[in-house]
Visitor: 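Please read through the structure below; I'll follow up with questions.
Because the structure is a prediction, the values reported are computed rather than measured.
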Amino acid sequence: MLATAAEVFAAQGYNATTMRRIADEAGMLAGSLYYHFDSKESMVDEILSTFLDELWAGYDAVLAAGLGPRETMEALVTESFREIDRHRAAVAIYQKESKHLSVQPRFGYLADSRVKFEKAWLGTLERGVADEVFRADLDIRLTYRFVRDTVWVAASWYRPGGQHSPEEIARQYLSMVLDGVALRD
């Protein structure tokens, strides 16, 4: 039921989605949904909090592993693609709706997560510059936004079970981001 709701929210947007639409897609009566959830807000809360709990369990393990900056970036990107594989619709909802939802007290954790994302990624990039692993001439904040957006926009086209595994997609993205696309002399 939540997987169906996540797909509907991702496709239609939170505001345009009704409990009736979710029930129709799930093949049940709208009233039956209220047995499990009191509102669509409760449903999207469950979808987003589950996704973020799993994402942060993975990210926290990476950040605690004591890896170098490049290896940390590689592991964070790989973990991100694994989460897109597991929670593609939730990622799409998070991207489209988190700014709007985070102003509601129930969804304060979305703003907290956004700050935590920024801290993890900027910290990794800053450490990489300090350790002379990453170029010092790059604007760190712009680099963070580029990497973040490049990775997470994949939720719009990625489908689990496709031609490439999450790890292979991460490897390709990392090659482009870290090594570039131009031939070397």
Visitor: Ignoring hydrogens, what is the shortest heavy-atom contact between A10 and A89? Give both atom names and the distance.
Guide: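 The answer is CB-O, 3.8 Å.
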
Visitor: May I ask whether L33 and L29 are part of the same hydrophobic cluster, defined by side-chain heavy atoms of I, L, V, M, F, W, Y residues being less than 4.5 angstrom apart, directly or through others?
Guide: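 Each belongs to a different hydrophobic cluster.
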
Visitor: Test E41 against Q104 for side chain to side chain contact (heavy atoms under 4.5 Å, CB included), laying out the working first.
Guide: CA-CA 10 Å; E41 182 179 77; Q104 299 176 35; 2.7 Å; yes

Visitor: I'd like to check the side chain to side chain contact (heavy atoms under 4.5 Å, CB included) partners of E46; sequence neighbours left out, ordered by chain and number.
Guide: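 Partners of E46 by the side chain to side chain contact (heavy atoms under 4.5 Å, CB included) criterion, ordered by chain and then number, come out as L2, F37, T50.
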
Visitor: Can a salt bridge be assigned to the pair R171 and E74 using a cut-off of 4.0 Å between side-chain N and carboxylate O?
Guide: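 Answer for the salt bridge query: no.
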
Visitor: Give, for atom OH of Y144 and atom CG of L122, the distance between the pair rounded to the nearest 0.5 Å.
Guide: 6.5 Å

Visitor: Treat each ILVMFWY residue as a node, draw an edge where side-chain heavy atoms are under 4.5 Å apart, and state whether F146 and V133 are in one component.
Guide: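 Same hydrophobic cluster.
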
Visitor: If you look at every heavy atom in R114 and S102, which pair is closest and at what distance?
Guide: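 Closest approach of R114 to S102: NH2-OG, 3.5 Å.
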
Visitor: Please identify which of these residues, H100, K99, Q95, meets the side chain to side chain contact (heavy atoms under 4.5 Å, CB included) condition with E97.
Guide: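 In the set H100, K99, Q95, the residue that makes a side chain to side chain contact (heavy atoms under 4.5 Å, CB included) with E97 is H100.
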
Visitor: Go through the steps for S42 and R106 under the test side chain to side chain contact (heavy atoms under 4.5 Å, CB included), then give the verdict.
Guide: CA-CA 9 Å; S42 293; R106 179 179 197 156; 3.0 Å; yes

Visitor: Looking at D139 and R145, is any side-chain nitrogen of the basic one under 4.0 Å from a carboxylate oxygen of the acidic one?
Guide: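 Between D139 and R145 there is no salt bridge, as every charged N stays at least 4.0 Å from the carboxylate O atoms.
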
Visitor: How close do L67 and V62 get, heavy atom to heavy atom, and via which atoms?
Guide: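 Distance-wise, the nearest heavy atoms are CD1-O, 4.4 Å.
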
Visitor: Identify whether the distance between the nearest side-chain nitrogen and carboxylate oxygen of R21 and E25 falls below 4.0 Å.
Guide: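 A salt bridge is present here (some side-chain N lies under 4.0 Å from a carboxylate O).
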
Visitor: Check whether V77 and L138 end up in the same hydrophobic cluster, where Ile, Leu, Val, Met, Phe, Trp and Tyr are linked by side-chain heavy atoms less than 4.5 Å apart.
Guide: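 They do not share one cluster, since no chain of ILVMFWY contacts under 4.5 Å joins V77 to L138.
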
Visitor: Look at atom CZ of R20 and say whether more than 12 heavy atoms of other residues, nucleotides or ligands are closer to it than 6.0 Å.
Guide: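 No, because the 6.0 Å sphere around CZ of R20 holds 12 heavy atoms or fewer from other groups.
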
Visitor: Nearest 0.5 Å please: distance from the NZ atom of K40 over to the OG1 atom of T17.
Guide: 6.0 Å

Visitor: Quick one: are the ring centres of Y158 and W152 less than 6.0 Å apart?
Guide: no

Visitor: Would you give the length of the straight line joining atom CD of Q163 to atom CD of E168, rounded to the nearest 0.5 angstrom?
Guide: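 So the CD of Q163 and the CD of E168 are separated by 9.5 Å.
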
Visitor: Considering non-hydrogen atoms only, spot the tightest contact between F107 and L101 and give its length.
Guide: CB-O, 3.2 Å

Visitor: Have T72 and R127 got a donor and an acceptor in their side chains that come within less than 3.5 Å?
Guide: yes

Visitor: Any link between L76 and V153 through a network of hydrophobic side chains (Ile, Leu, Val, Met, Phe, Trp, Tyr) touching at under 4.5 Å?
Guide: no

Visitor: L125 vs M73, test: side chain to side chain contact (heavy atoms under 4.5 Å, CB included). Steps then yes/no.
Guide: CA-CA 8 Å; L125 291 165; M73 178 173 279; 3.1 Å; yes

Visitor: Would you name the heavy atoms of L55 and E83 that are closest together and state the gap between them?
Guide: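 Heavy atoms only, the tightest pair is CD1-CG, 3.5 Å.
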
Visitor: Cation-pi check, K96 to Y14: give yes when NZ or CZ is under 6.0 Å from the six-membered ring centre and within 45° of the ring axis, no otherwise.
Guide: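 Cation-pi check for K96 and Y14: fails.
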
Visitor: To the nearest 0.5 angstrom, please state how far the OH atom of Y94 sits from the CG atom of L48.
Guide: 9.0 Å

Visitor: Under the ring pair (Phe, Tyr, Trp, His ring centres under 6.0 Å) rule, collect the residues that match up with Y109, sequence neighbours excluded.
Guide: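 Scan of Y109 (ring pair (Phe, Tyr, Trp, His ring centres under 6.0 Å), adjacent residues dropped) gives none.
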
Visitor: Report yes if some heavy atom in the side chain of Q172 is under 4.5 Å from a heavy atom in the side chain of H164; otherwise report no.
Guide: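 A side-chain contact under 4.5 Å is absent here.
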
Visitor: Between S80 and Y59, do the side chains contain an N or O donor and an N or O acceptor separated by less than 3.5 Å?
Guide: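 There is such a pair between these side chains.
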
Visitor: Which distance, rounded to the nearest 0.5 Å, do you find between the NZ of K116 and the CH2 of W56?
Guide: 5.0 Å

Visitor: State the CZ-CD distance between F134 and E126, to the nearest 0.5 angstrom.
Guide: 11.5 Å

Visitor: For a side chain to side chain contact (heavy atoms under 4.5 Å, CB included) check, start with the C-alpha distance between E118 and R141, then their side-chain angles and the critical distance, and finish with the verdict.
Guide: CA-CA 9 Å; E118 190 170 302; R141 185 163 294 284; 2.8 Å; yes

Visitor: Report yes or no: do W157 and V151 belong to one cluster of Ile/Leu/Val/Met/Phe/Trp/Tyr joined by side chain heavy-atom distances under 4.5 Å?
Guide: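 Yes: a chain of side-chain contacts under 4.5 Å links W157 to V151.
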
Visitor: Going by an N to O cut-off under 4.0 Å, is there a salt bridge joining R70 and D179?
Guide: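 Counted as a salt bridge, because a side-chain N and a carboxylate O are separated by less than 4.0 Å.
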
Visitor: Side-chain contact test, heavy atoms from C-beta onward, threshold under 4.5 Å: evaluate it for F9 versus I22 and give yes or no.
Guide: yes

Visitor: Write down the atom of T124, the atom of A120, and the distance for their closest heavy-atom approach.
Guide: OG1-O, 2.8 Å

